[in-house]
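In what follows, a structure is listed as structure tokens, so that the remarks can point back to it.
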Amino acid sequence: MARYTGPTSKIARKFKEPIYGPDRALEKKPYAPGMHGQTRKRSKISEYAVQLAEKQKAKYTYGLLERQFSNLFDKAAKRKGITGENLLRLLEARLDNTVFRLGIAPSRRAARQLVGHKHITVNGSLVNIPSYTLHPGDVVGVREKSKSLEVITEHAGRRQKGFPWLEWNAAEKTGTFMNYPDRDQIPENIKEQLIVELYSK
């Protein structure tokens with residue numbers, strides 16, 4: 001499965017949630033896409049289908065491929081603590097997600113592009129791997145030559161206020177990953193226990 005690059009509103013309507021941010025199409029048509037999306041009667045959904053849908057929602061939200069998601073789940077399962085919460089913490093610790101949370105980019109998709117095009121540094125060194133896992137104390141910054149990019153000057157630091165595990169330095173255009181977030185600090189509407197149950201089958 002390749003990473004989804006199609007219309008985000010279609011996916012938001014599929015899950016009936018604005019998983020990519022505010023969505024006018026979802027507000028106007030809060031039902032599944034397709035010509036029968038509004039009238040189609042749904043048969044009883046199986047437990048497996050519910051669990052699978054939750055995993056797909058998490059993958060779309062954070063922009064991961066199946067193998068990437070599976071590998072991250074394995075890492076979460078090996079850590080001490082609750083596996084589902086560990087999974088969300090690791091997703092939040094990804095470099096592309098942190099660039100998005102800090103407001104350096106307006107979306108996770110844009111954040112992946114900034115990282116891939118070598119505009120982002122970690123502890124002063126260029127890192128072009130979106131899946132790079134941050135650790136407490138790591139400092140994410142914008143490469144000096146990239147600080148004047150319009151996408152960065154327009155958005156840098158706008159979104160970080162609601163995320164207490166991140167600290168933004170507006171003057172330097174850097175953000176510090178202070179610690180792994182607690183579950184109640186993560187705003188995504190993901191039922192992680194369903195994902196754990198799916199992988200436990």
Side-chain angles (χ1 to χ4, degrees), residues 3-5 8 12 17-23 57-65 68-69 71-73 75-76 78-81 84-190 192:
R3 181 174 286 110
Y4 181 77
T5 58
T8 56
E17 291 183 32
I19 62 175
Y20 293 109
D23 195 308
K57 182 168 70 173
K59 283 167 54 183
Y60 278 122
T61 298
Y62 287 95
L64 271 68
L65 302 176
Q68 290 176 316
F69 195 86
N71 288 342
L72 205 63
F73 182 87
K75 289 181 181 179
K78 292 175 182 176
R79 292 193 168 203
K80 292 182 180 180
E85 293 185 7
N86 288 342
L87 175 63
L88 291 182
R89 290 189 184 106
L90 288 173
L91 286 167
E92 286 294 329
R94 282 172 56 98
L95 179 57
D96 56 356
N97 180 75
T98 302
V99 169
F100 164 64
R101 291 290 195 210
L102 287 169
I104 297 173
S107 66
R108 290 185 178 90
R109 186 181 292 185
R112 279 192 294 277
Q113 290 183 332
L114 286 179
V115 175
H117 293 162
K118 300 182 179 181
H119 295 299
I120 302 299
T121 64
V122 176
N123 299 327
S125 299
L126 278 175
V127 176
N128 65 343
I129 303 171
S131 62
Y132 180 91
T133 300
L134 296 170
H135 301 281
D138 282 348
V139 178
V140 177
V142 179
R143 190 179 66 164
E144 193 62 39
K145 293 181 179 179
S146 305
K147 288 183 178 180
S148 60
L149 287 176
E150 185 176 352
V151 66
I152 292 174
T153 57
E154 283 189 0
H155 295 279
R158 283 188 182 181
R159 300 178 64 94
Q160 61 85 30
K161 292 182 180 179
F163 311 111
W165 65 93
L166 301 174
E167 188 175 272
W168 177 250
N169 184 323
E172 299 293 331
K173 284 190 172 63
T174 61
T176 303
F177 186 81
M178 305 297 290
N179 48 57
Y180 294 103
D182 294 331
R183 177 61 186 97
D184 60 2
Q185 294 175 325
I186 301 172
E188 307 305 338
N189 183 27
I190 294 173
E192 65 274 10

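Numbers here are sequence positions counted from 1.
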Q. For the side-chain contact (heavy atoms from CB on, under 4.5 Å) test, which of T98, L102, V139 pairs with F177?
A.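 With F177 as partner, T98, L102, V139 yield a single side-chain contact (heavy atoms from CB on, under 4.5 Å), made by T98.
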So does [Y] get a backbone contact from the side chain of [X], meaning a donor-acceptor N/O pair under 3.5 Å?
{"X": "S146", "Y": "V142", "answer": "no"}
{"X": "N169", "Y": "A171", "answer": "yes"}
{"X": "E154", "Y": "V151", "answer": "no"}
{"X": "K173", "Y": "W168", "answer": "no"}

**Q.** Atom NZ of K147: over 12 foreign heavy atoms under 6.0 Å
**A.**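 Counting other residues, nucleotides and ligands, NZ of K147 exceeds 12 neighbours.
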Do [X] and [Y] make a side-chain contact, defined as non-hydrogen atoms from C-beta onward lying under 4.5 Å apart?
{"X": "V140", "Y": "T121", "result": "no"}
{"X": "P187", "Y": "R101", "result": "yes"}
{"X": "L91", "Y": "N97", "result": "no"}
{"X": "L114", "Y": "I152", "result": "yes"}

Any idea which heavy atoms bring [X] and [Y] closest together, and the distance?
{"X": "R183", "Y": "I190", "answer": "NH2-O, 3.0 Å"}
{"X": "S107", "Y": "A110", "answer": "OG-N, 3.1 Å"}
{"X": "A111", "Y": "V99", "answer": "CB-CG1, 3.8 Å"}
{"X": "K80", "Y": "N86", "answer": "O-ND2, 3.1 Å"}
{"X": "P164", "Y": "Q185", "answer": "CG-NE2, 3.3 Å"}
{"X": "I186", "Y": "E92", "answer": "CG2-OE2, 3.7 Å"}

Look up atom [atom1] in [X] and atom [atom2] in [Y], then write down how far apart they are to the nearest 0.5 Å.
{"X": "R94", "Y": "L90", "atom1": "CZ", "atom2": "CG", "answer": "10.5 Å"}
{"X": "F100", "Y": "R108", "atom1": "CZ", "atom2": "CZ", "answer": "5.0 Å"}
{"X": "E192", "Y": "R89", "atom1": "CD", "atom2": "CZ", "answer": "9.5 Å"}
{"X": "N71", "Y": "Q68", "atom1": "CG", "atom2": "CD", "answer": "8.5 Å"}
{"X": "I104", "Y": "T153", "atom1": "CD1", "atom2": "OG1", "answer": "12.5 Å"}
{"X": "L149", "Y": "H117", "atom1": "CG", "atom2": "NE2", "answer": "11.0 Å"}

(Q) Could you check whether R112 pairs with D96 (Lys NZ or Arg NE/NH1/NH2 to Asp/Glu carboxylate O, under 4.0 Å)? (A) yes
What side-chain donor-acceptor pairs closer than 3.5 Å can you find for residues 127-137, not counting sequence neighbours?
residue: H135; atom: ND1; partner: Y180; partner atom: OH; Å: 3.3

Q: Decide side chain to side chain contact (heavy atoms under 4.5 Å, CB included) for I120 and L126; before the verdict, give the C-alpha distance in whole Å, the side-chain angles of both, and the deciding distance to 0.1 Å.
A: CA-CA 6 Å; I120 302 299; L126 278 175; over 6 Å; no
Q: Applying side chain to side chain contact (heavy atoms under 4.5 Å, CB included), run through L95 and V122 and close with a yes or a no.
A: CA-CA 9 Å; L95 179 57; V122 176; 3.9 Å; yes
Q | Side-chain H-bond candidate by donor/acceptor type, Y62 with E188, under 3.5 Å | A | no
Q | Residues forming a ring-ring contact (aromatic ring centres under 6.0 Å, His included) with F73, sequence neighbours excluded | A | Y199
